Every structure is written in C-alpha cells, then in structure tokens.
Amino acid sequence: MGQMQVSEVGEFALIQRLAGILGQAPPPELVVGIGDDAAVWRAGAAYLVATTDTLVEGVHFLPAALPWADLGWKALAVNVSDIAAMGARPLFALVTLALPPGTPVAGVDALYGGLSDCAARFGVAIVGGDIVRAPQVSLTVALLGQAETRRGRPLLLLRSGARPGDVIAVTGSLGDAAAGLRLLRQGVPPGDPRTVAQLRPDPPLGVAQQAARLGIACGIDVSDGLLQDVAHICRMSGLSALLRAAAVPVGQTARQEFPAEALALASTGGEDYQMVFAGPRALIRRLRSLSGAVLTEIGEMREGPPEVRLLDEAGAEVRFASAGWDHLRP
Ligand SMILES: [Mg+2]
C-alpha cells in the first residue's frame, strides 16, 4: 500500500492536521491564529495583520494565457483581498519569485510593473523578498497590514463574528472570474474585457474597512467560491446559512457567455475577490448607503448545523457538482 497523499486529505483537513502538529500554546499577543483570512497580533497599542498567498504556473495561471503584468497584479491583489477580509489596511509586502533560469528578463520587468500598479492602487509598499531557481514560475506574496482600533480594541471582520439573524450580503457580482478563466481556456485573448475579472481582480478594500468601522463583525472574501466561503463563516460561527439563489448577483460575463451555468459559476467558481459580510440588517444597509457600493443581501444566518443551503424560489435546495475550489484535490 502506498502512503497517503495530500490530495486524499484535502486542503482544509491538511490545515487542521498541521495546526495540530504545531500544538504549542500561542503567545498572549496573538489575537487571531490559523483559520481566518489573516493572522492578527498585538504589538504595543497596534494590531498587525499578516497573510500570504502563492500563484503557481500550471496551477493558478496558464503561462501562455496570462500576461506577466497581470500575474504581478493578481499575486498582490489576492493578498490585499485577505487583508480586506479582516477589515484591515494593507501596508508592506514581501515578494518571493521562483523562476526557471530561461525566464525572459522582460517578463520579470512586466511582472513587477503589474505588482507596482497594484501596490499603488492599494497603498502598499513592496519592501523586500527573495528570488530562487525553480522548474516553473511561482510568485509568493506575504502582506502585512494594520487594523484600526477604537478605544484600544481592534475593529476586525472575523469568520467567527456572525450572529443568528444576521443578514448575509455580498459586494459587486460573482461568477465573472470563473467565466473569464473558461474564455481564456477557449482561446479568448487576455486583452478581452470579459477576462478582466479573472486577470485583474480589484478587491473592495475601502468597503471592507468601512464595514469594520461601522461595527460589522463578520466578513470573508470570495476566493474559493461563495458557498465554500460562506461555509467557513458557518463553521467558525457555529451557525447555518440560508442563501436565496435568485438574489445571488451573477456577473454579466457569466450570464451572457454561460447562461446555463451562470449560477453555478457565481456560487462555486471562486476567484471573484468580492467581500461577504454578515451583520445586522440596519448596519448592512448603512454600509450600502455610506459607501455607495453595490451590496446585495443574499440570505441570513440561522441557529443550526454549520452548513450552507442555497434555495430556489420554491424553497428547494440547489446543488452543484462541486461546492468550490480545494487547493490540493485535482
Ligand atoms: Mg480569504
């Protein structure tokens, strides 16, 4: 018999397993450890936030289809999304580049051009990193940020922050990143506007910070797919979520290009890098009017087993082949 492989365990079980190996009691400065979008710790009067994410050639991007500048943008934007998902402000990034020796220098220049554009967009300074040789291109960004405080307490959006009766709301629209990936695979060129959601995600950082400031306590970014990401809120908050399929804001590209699967792309496709909030209806509505953002109420949190149910207009549960993205399963 062969040894068990990580693909058999899956990403989330593997994280739990590894957290168990670490085992030691965290230092008292730690506020949020493994299991949220980013870690948070106290440093003097400040609350600092850190996250990291990697894009790998052949896994997260297709070398022929993804221009270097877009790769640079996306590698930082997905980390900004995780800092936004805590309600915090991104500040400093470390960039680790793994490159085959034959990589064109002009490509790396363009990659840093995209990184730099994204850094300017979100007020991030790139302050260091590492370059290593590897059989394929990969790009790891570690991003540090800071949470705002009020009366000495950090204003954070936590996966564990939902309460029964909270409204679930999502920014922007969903499904266009997955639709864009399909179009790229079909040979649509990266310059096509229908691929922008996939290649240049633009996380709603300001709205997320405003949510934390208003007192909304629960948020997550849509990275793995709406259903899976809301399931993380359910698990960490010990609650059920009921979502109305008809309310899910499906993106225009998904609707126009893949009408039969548009709801599936929006619910399970992932990589939209929008924000999901759970909070009292009055706060959600206040956030909408103050921010002017597109913020759609799609369901609510309930007492019950930690699971997400997506219901059609007749009240029947809508199911899809896959709930979302697992980074270790093929
Ligand atoms: Mg996240």
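Both ligands and their constituent atoms are indexed starting at 1 by order of listing. Computed from a predicted structure; not experimentally measured.
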Student: For the pair Glu300 and Arg244, find out whether any cationic side-chain nitrogen is under 4.0 Å from an anionic carboxylate oxygen.
Tutor: no
Student: Do NZ/NE/NH1/NH2 and the carboxylate oxygens of Arg213 and Glu148 come within less than 4.0 Å?
Tutor: yes
Student: Please check if any side-chain donor atom of Ser240 sits under 3.5 Å from a side-chain acceptor atom of Glu307, or the reverse.
Tutor: no
Student: Between Asp176 and Arg194, is the closest basic N to carboxylate O distance under 4.0 Å?
Tutor: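 Salt bridge flag = no for Asp176 with Arg194.
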Student: Taking N, O or S atoms only and a limit of 2.8 Å, check whether Asp229 reaches the Mg ion (ligand 1).
Tutor: no
Student: Taking both backbone and side-chain atoms into account, decide whether Asp224 has an N/O/S atom under 2.8 Å from the Mg ion (ligand 1).
Tutor: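 It does not; every qualifying atom lies at 2.8 Å or beyond.
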Student: If you consider just the N/O/S atoms, which atom of Asp82 is the closest one to the Mg ion (ligand 1)?
Tutor: OD1
Student: Test of geometry: compute the angle OD1(Asp221)-the Mg ion (ligand 1)-OD1(Asp37) and round it to 10°.
Tutor: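 About 90° at the Mg ion (ligand 1).
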